[in-house]
Amino acid sequence: MATLSSSSGGPDLVDFLHATVLSPKGLLSLVVSLIVIVLVTEAYRANFPKIQGIPEVPGALPFVGHLHRLGGRSGENDATVFSQWSKQLKSSVFQCVLGNQRTIVVEDWATMKHLWVSQSNALIDRPHQPGFVDKLGIDLTGSCMTDQVRKCRAAGMRALGKPNWHKYYHLLEPSSGKFIRDVYRKAAAGQVVDTYAYLRQIVFDLGLSLTYGARFGEVDDDFMLTFIKSINGISSVRSSTKIYHHFVPLLRIVPESTNETIAAERVRRKHRDVLYNRYMDRVNAGEKVDCIVAALHEDKLNQEEVHGTCLSLLQAAPDTVASGTYMAIAWLASPEGRATQAVAHQAILDAYGGDRTKAWQMAFREEKVPLITSIYKETLRFFTLAPYATPRRTVADVTLPNGIVLPKGITLIMNAQAVDHDTAHFGDDAWQFRPDRYLDPGKTEAAGLPHVAFGAGSRICPAVNISNRIIYALVTRLLLAFEMDNTTDPNRAPVMDAIRFSDVANALVAHPRFYDCHFKVRDAAWLDATLANEVSATTA
Ligand code: HEM
């Protein structure tokens, strides 16, 4: 054993150091000790200390915090797990830690309104998801509100705004007519129909047209299917808690062996280039193509911004609107909903003085039947498609209703599934589907916010109005054309439960389980003539 043998220090101290700390064994112990210190410090390090006065979910693990119980790992979606925690803690506001991200979860309407609506400007950022958003280029939904994102969001909102809707009728009307014609043909052949792919195509077609001025014809078009697959690959990761790398900084020292986002982004980019090149060919041939790319070029956005805006819209469009319409049909065609079909059909006729052709023609152009409006709002509330909305990050201190201050930079999650079923706001029947809930505006409309399916406040979905109108029109046209009845085959019947309607437990956006429906034409002669008129009007 080495000892300090001389009081003068000098060489003896050096010998001592060489024999201990600087020896290979000593250096190894030093490195190991440092690693242990770093690991111990990292193990429970969060970006913010615990906030006093807000209950915290017990059972955080080192490094991952509460992530091990989220991301579908327990078989439930995050919103459902949040509600279990809220019940356990007896508090509608609580804190948990996602990797190193201290996160406040809000479960009730009143607190949601106090933060997301009344302090909207302070909630304008998104938490950074390293390993995801940095692989995508500009991504409106997943990015903080930089000047560039603000510019792109404004351009997207302009394109989706009401003054531009007249440009989209000539797309939506024939594509919905074609959808109904296909359903009609199958029904006439005695087949049940799963409408999902048709509905998605209508919305995706609209998205392609309003972004790159493109259009794809058939449901099984290979190009469209691979493009949608890449889009879904990206959406399945956005704001999801399924990938530990996105939340645990230490894990990012080791690169991910395969990154779902990078793979999907490569495919998405290839498709984007095809669309863009087709657009440029048309422009170079002297055609004036009316679409966002054209408008954005005029707005002097650079190419990255043009593509970022277009892809962000395409990314969000197809499945959300399709799923909303799909669940409205599922409810109307359920034993519980069938009586409402007759009432809604009559309400449409009444609104147009019995002229069903006029009702058909105006379906996309005006919202004249309050019961249909109520049905689509109730559908979007009841089957909340983005169960935990999209997380936010504060850009200034905000206060809870009880005065507790949440610091600038903290992550906030609105449990939209819980907020949309808050009995204190919607009443004791919040977990029941009531088609007429929004006929009596009363308290449900008090905030100008019927539900939070589209989020709320500064980053609310920019496509709220156009999405609502598309669902309204499709439901109206289907009711005019058919009586609908879900299959009784238990393997293909829809699931009508407000949580279990979706099979997806590990992603931001729910996806309804597929189902089949019987469609019985109400008046074949009228439908034949109406569809024929629409086709000839489009081709004229
Ligand atoms: C029923 C249909 C839809 C639902 C339920 C829905 C839901 C949502 C939700 C919950 C958010 C987050 C809002 C927040 O943080 O408060 C969002 C954001 C967004 N949605 Fe939608 N959406 C739908 C349709 C669409 C469509 C058709 C488009 C595009 C054409 C679109 C584009 C976007 C974009 C770009 C954002 C990001 C906005 C931002 O972060 O600033 N959405 N949507």
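Note that ligands are numbered from 1 as they come in the structure, with each ligand's atoms numbered from 1 the same way. Starting from 1, each residue takes its place in the sequence as its number.
- With a 4.0 Å cut-off on non-hydrogen atoms, Gln315 does not touch ligand 1 at all.
- Considering both main-chain and side-chain atoms, Arg392 comes within under 3.5 Å of ligand 1 through a nitrogen or oxygen pair.
- In the model, Ser323 has a side-chain atom that pairs as donor or acceptor with a side-chain atom of Tyr196 under 3.5 Å.
- In Thr141, the parts holding a heavy atom less than 4.0 Å from any atom of ligand 1 are both the side chain and the backbone.
- Proximity of Met414 to ligand 1, defined as any heavy-atom pair under 4.0 Å, is not found for any part of the residue.
- Note that OH of Tyr279 and CG of Leu208 are 15.0 Å apart. Values are rounded to the nearest 0.5 Å.
- The shortest N or O to N or O distance between Ser467 and ligand 1 is not under 3.5 Å.
- Around atom 11 (C) of ligand 1, the closest heavy atom drawn from Thr379, Leu385, Thr390 belongs to Thr390.
- Residue Leu140 has at least one N or O atom closer than 3.5 Å to an N or O atom of ligand 1.
- The shell of residues lying under 4.0 angstrom from ligand 1, judged by heavy atoms, includes Ala453.
- Heavy-atom separations between Gly324 and ligand 1 are all 4.0 Å or longer.
- Proximity of Ser323 to ligand 1, defined as any heavy-atom pair under 4.0 Å, is not found for any part of the residue.
- Between Arg434 and Glu378, none of the side-chain N atoms (NZ, or NE/NH1/NH2) sits under 4.0 Å from a carboxylate O, so this pair counts as no salt bridge.
- For the residue pair Asp205 / Ser175, no side-chain donor-acceptor distance below 3.5 Å is found, with atom types taken as modelled.
- Heavy atoms from both the backbone and the side chain of Cys461 come within less than 4.0 Å of ligand 1.
- Atoms of ligand 1 lying under 4.0 Å from any heavy atom of Gly455, numbered from 1 in the order shown and given with element: 10 (C), 13 (C), 14 (C), 16 (O).
- Taking distance alone, with nitrogen or oxygen atoms compared against 3.5 Å, Ala456 approaches ligand 1 more closely than that limit.
- For ligand 1, the polar-atom distance check finds no N/O of Ser312 at less than 3.5 Å from any of the ligand's N/O atoms.
- Val398 approaches Ala122 most closely through the heavy-atom pair CG1-CB, 3.4 Å.
- Below 3.5 Å of separation, one finds no N or O of Trp116 facing any N or O of ligand 1.
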